[in-house]
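The structure appears below as structure tokens.
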Amino acid sequence: MANVVVVGAQWGDEGKGKIVDWLSEQADVVVRFQGGHNAGHTLVIGGTVYKLSLLPSGVVRPGKLSVIGNGVVLDPHALAGEVERLTGQGVSITRENLRVAENATLILSVHRELDALRESGSAGTKIGTTKRGIGPAYEDKVGRRAIRLMDLADLSSLPEKIERMLTHHNALRRGFGLDEFSADAIYEELASVAPKVLPYMDAVWRLLDDQRRAGKRILFEGAQGALLDVDHGTYPFVTSSNTVAGQAATGSGLGPGGVGYVLGIAKAYTTRVGEGPFPTELFDEVGELIGQKGKEFGVVTGRKRRCGWFDATLVRQTVSTSGIDGIALTKLDILDGFETIKIGVGYKLDGETIDYFPASQGAQARVEPIYEEIEGWSGSTAGARSWADLPAQAIKYVRRIEELIGAPVAVLSTSPERDDTILMKNPFEG
Ligand code: IMO
Ligand code: MG
């Protein structure tokens with residue numbers, strides 16, 4: 001019985017939430033393994049809209065165990081707030097259905113402020129982040145000065161840990177000419193929220209090992225996308241975690257053999273939020289139209305997303321870096337009614353033709369896409385639930401994408417509604 005990991009195959013916002021929610025029907029456990037509340041996953045279930053940032057998408061379904069793994073950076077206030085908001089929508093969240101890794105790194109106000117400071121600062125430091133403190137928290141984790149969830153269970157050990165962390169942060173603050181952080185204020189911030197998050201704490205590696213041995217099906221829910229991966233993405237315009245599928249193993253404590261089928265989610269076009277290279281970006285009315293039809297505004301920050309044509313070169317690359325077995329292609333209906341549709345199939349770089357996205361920041365900014373043009377379709381794909389419902393030209397577009405990216409389309413999503421989904425291959429049947 002295979003487990004499944006769902007990862008973004010572009011720059012995030014591919015519609016992972018819907019696919020994870022849809023797959024969670026077959027899963028027993030849903031696990032987040034990286035990122036934090038920078039993710040924005042929208043679920044539409046029977047007309048009700050749920051917006052999740054930190055909680056695994058399985059949480060809205062009764063009887064599923066949701067797990068936040070050690071690879072996640074956890075803002076305890078954001079967790080408490082999201083639990084409260086969903087509870088208000090009638091979702092039950094208790095230790096029965098939510099566990100959080102004891103060794104997850106915490107995001108504190110220190111991190112949020114530093115993130116915002118860099119974003120507002122002089123040119124050169126702006127990445128266009130979500131200002132949630134994600135990057136600074138990961139820095140403290142690898143810098144070995146982070147506070148972790150388990151530390152809240154032993155408040156007497158906290159002051160020393162806070163001092164250690166502040167030695168670093170207050171030196172930075174002084175450098176920026178800002179007031180130093182007070183250790184007492186941070187202690188208070190943590191002590192006050194501890195009772196709200198500690199009930200969910202667990203040794204997640206062991207929990208997942210038990211679940212796996214008991215034959216339970218585990219679904220790993222990626223946040224962001226492979227092109228935002230700190231190693232494989234468009235560095236430095238990336239998020240601060242590994243977002244590729246391999247991270248599901250390290251970010252949960254289950255070995256790589258437990259990860260199973262890799263389902264990459266890709267939109268039928270491309271979007272990006274924040275700064276950074278985007279070869280097939282459209283600056284004309286076509287880009288505007290895609291953005292409007294696709295409602296391309298961020299769930300987390302409300303920012304308008306940049307829009308462009310599907311870039312097969314990029315997705316072919318993320319098929320490699322994430323080991324994607326199959327793709328869930330989303331939002332095909334947004335391309336309904338276009339006379340012609342373009343697909344990026346390669347790049348020109350300094351007069352040469354290349355079939356990959358180069359690693360250097362300079363080269364990434366210089367590449368120019370090479371397009372293939374295909375005829376659009378006049379019929380509608382919105383809400384289609386079988387291949388037979390699709391216009392022939394739309395099928396041709398999907399088939400061409402499969403050829404170019406070197407992976408099959410296993411799932412086609414034709415609206416935000418859970419049931420508007422065409423299944424070619426069930427990822428859980430490996
Ligand atoms: P979901 O899970 C799209 C982007 C930010 C910024 C960069 C770094 O909804 O697909 P960060 O706050 O992570 O340090 O910001 O990463 N970014 C996302 N873009 N979808 C997301 O998540 C994102 N999470 C972060 O816009 O460019
Ligand atoms: Mg998002």
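Basis for what follows: all heavy atoms, side chains included, without hydrogens, waters or symmetry-related copies. When a ligand or atom number is given, it counts from 1 through the structure's own listing order. Throughout, residue positions are numbered sequentially from 1 according to the sequence presented.
Taking the side chain to side chain contact (heavy atoms under 4.5 Å, CB included) definition, one finds that Ala203 meets it with Glu102, Trp205, Arg206, sequence neighbours left out.
Within the 4.5 Å cutoff, side-chain heavy atoms of Trp11 are placed close to those of Thr270. Val31 is not listed as a side-chain neighbour of Leu254, based on a closest heavy-atom distance of 4.5 Å or more.
Around atom OH of Tyr235, no more than 12 heavy atoms belonging to other residues, nucleotides or ligands sit under 6.0 Å away.
The pair Arg305-Asp13 counts as a salt bridge, with a side-chain nitrogen and a carboxylate oxygen less than 4.0 angstrom apart.
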Distances for all N or O pairs of ligand 1 and the protein under 3.5 Å?
| unit_1 | atom_1 | unit_2 | atom_2 | d |
| --- | --- | --- | --- | --- |
| ligand 1 | 2 (O) | His41 | NE2 | 2.8 |
| ligand 1 | 2 (O) | Gln224 | N | 2.9 |
| ligand 1 | 9 (O) | Asp13 | OD1 | 3.1 |
| ligand 1 | 9 (O) | Gly40 | N | 2.9 |
| ligand 1 | 9 (O) | Gly40 | O | 3.3 |
| ligand 1 | 10 (O) | Asp13 | N | 2.7 |
| ligand 1 | 10 (O) | Lys16 | NZ | 2.7 |
| ligand 1 | 12 (O) | Thr130 | N | 2.9 |
| ligand 1 | 12 (O) | Thr130 | OG1 | 2.6 |
| ligand 1 | 13 (O) | Asn38 | ND2 | 2.9 |
| ligand 1 | 13 (O) | Thr239 | OG1 | 2.6 |
| ligand 1 | 20 (N) | Asp13 | OD1 | 3.0 |
| ligand 1 | 20 (N) | Asp13 | OD2 | 3.4 |
| ligand 1 | 24 (N) | Gln224 | NE2 | 3.1 |
| ligand 1 | 26 (O) | Gly128 | O | 3.3 |
| ligand 1 | 26 (O) | Val273 | O | 3.4 |
| ligand 1 | 26 (O) | Arg303 | NH2 | 2.9 |
| ligand 1 | 27 (O) | Gly128 | O | 3.4 |
| ligand 1 | 27 (O) | Val273 | O | 3.1 |

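Using the six-membered ring where Trp is involved, Tyr347 and Phe357 have ring planes that are tilted, between 30° and 60° apart.
Nearest N, O or S atom of Asp13 to the Mg ion (ligand 2): atom OD1.
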